[in-house]
Amino acid sequence: MRASLIQAAVDEREPADSRRRRLAALVREQSGADLVVLPELWTTGAFAYEEFGRAAEPLEGPTYEVMAKAASDAGVWLHAGSIPERDPEGPLYNTSLVFSPSGELAAAYRKIHRFGFDKGEAVLMGAGRDLVTVRLPETTLGLATCYDLRFPELFRALADAGAETLVIPAGWPERRRAHWTLLAQARAVENQAFVLACGTAGTHAGVPQAGHSIVVDPWGEVLAEAGPGEEVLTVDIDPVKPAATREQFPALKDRVLGLEPPRHRA
Ligand SMILES: NC(=O)CCC(=O)C(=O)O
């Protein structure tokens, strides 16, 4: 199974519409891949908080239209990264879109863990509540977004729901690049799953981005890693590997759940 991660440069000098066209053309160039992945909030930049309200779009808005067509033109499964979604009946959400090779919407995932503590995304956007998996012919995807990477219980729940390939679009900053690489490997090892983590390049809202998109196999080996700039990272993965790893080294079967809370002596 061939996966291509498009580590797009996101820079506020490029208008969103021209970035949409440019990235749709890059998606079309990946014809022959099985799965193409774009990063988080690439129309604005993940740290361009002031843009979220202005740039928010309905689920079936301009990004949806352009990317549904790009998926069907290329004949690929397309994880189109995430958009600032305007829900007519609720807050904004950081929502990922996945299209089938015929351009149908296969899944939408609203980011569960919002970044920023008491500012930024954490106050500007609502939190998703739903786990999302997507069945492809070769593998089952489990969806998560950027800051979600820090929350292992989400990934374990996705693995329990059948995910064997964890797909994580991100806008991760250079300042915490070491965490990105370490956490991507940890999520792969502990869940015995592939991790496809696609970040952005460039600087947006004054925050230099890490780039270094990464593909990790279920044994924790880094199969491919991008550099800091815009790049398409293409890798062939063997979709039977998660099941084989789980069978040969069945650590997931040794989980002990429902532990007693600590008893404190008076
Ligand atoms: N967009 C994000 O979720 C940023 C996450 C981040 O910077 C971190 O976890 O560190």
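Here, residue 1 is the first one in the sequence, and each next residue gets the next number. Order of appearance sets the numbers: ligands from 1, and atoms from 1 within every ligand. Computed from heavy atoms alone, side chains included, the values below leave out hydrogens, waters and symmetry copies.
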(request) Check ligand 1 against R150 and write out every atom of the ligand that is under 4.0 Å from a heavy-atom position of the residue. (result) 8 (C), 9 (O), 10 (O)
(request) Can you figure out which of A210, A46, P169, C146 has its heavy atom closest to atom 4 (C) of ligand 1? (result) C146
(request) Sequence neighbours left out, what pairs pass salt bridge (charged side-chain N to carboxylate O under 4.0 Å, His left out) with at least one residue falling in residues 176-193? (result) E174-R177, R187-E190
(request) Any chance you could measure C198, atom SG, to E231, atom CD, to the nearest 0.5 Å? (result) 10.5 Å
(request) Would you please determine whether R114 falls within less than 4.0 Å of ligand 1 on a heavy-atom basis? (result) no
(message) To the nearest 0.5 Å, what is the distance between CD on E164 and CD1 on I237?
(response) 10.0 Å
(request) Go through ligand 1 atom by atom and flag the ones less than 4.0 Å from a non-hydrogen atom of E40. (result) 1 (N), 2 (C)
(message) I need the atoms of ligand 1 closer than 4.0 Å to a non-hydrogen atom of K111, numbered in the order shown.
(response) 1 (N), 2 (C), 3 (O)
(message) Once you measure the plane-to-plane angle for F99 and Y64, does it fall in the parallel (<30°), tilted (30-60°) or perpendicular (>60°) bin?
(response) perpendicular
(message) Does only the side chain of Y147 get under 4.0 Å from ligand 1, or the backbone, or both, or neither? Count heavy atoms.
(response) both
(message) Under 4.0 Å, counting heavy atoms only: does H179 come that close to any atom of ligand 1?
(response) no
(request) Using the salt bridge (charged side-chain N to carboxylate O under 4.0 Å, His left out) rule, collect all pairs that involve residues 207-223, keeping only residues at least two apart or in two chains. (result) D217-K241
(request) Name the closest protein heavy atom to atom 10 (O) of ligand 1, giving the residue it belongs to and the distance to 0.1 Å. (result) R176 NE, 2.5 Å
(message) For Y147 and W172, I'd like to know if the aromatic rings sit close, meaning centre-to-centre distance below 6.0 Å.
(response) no
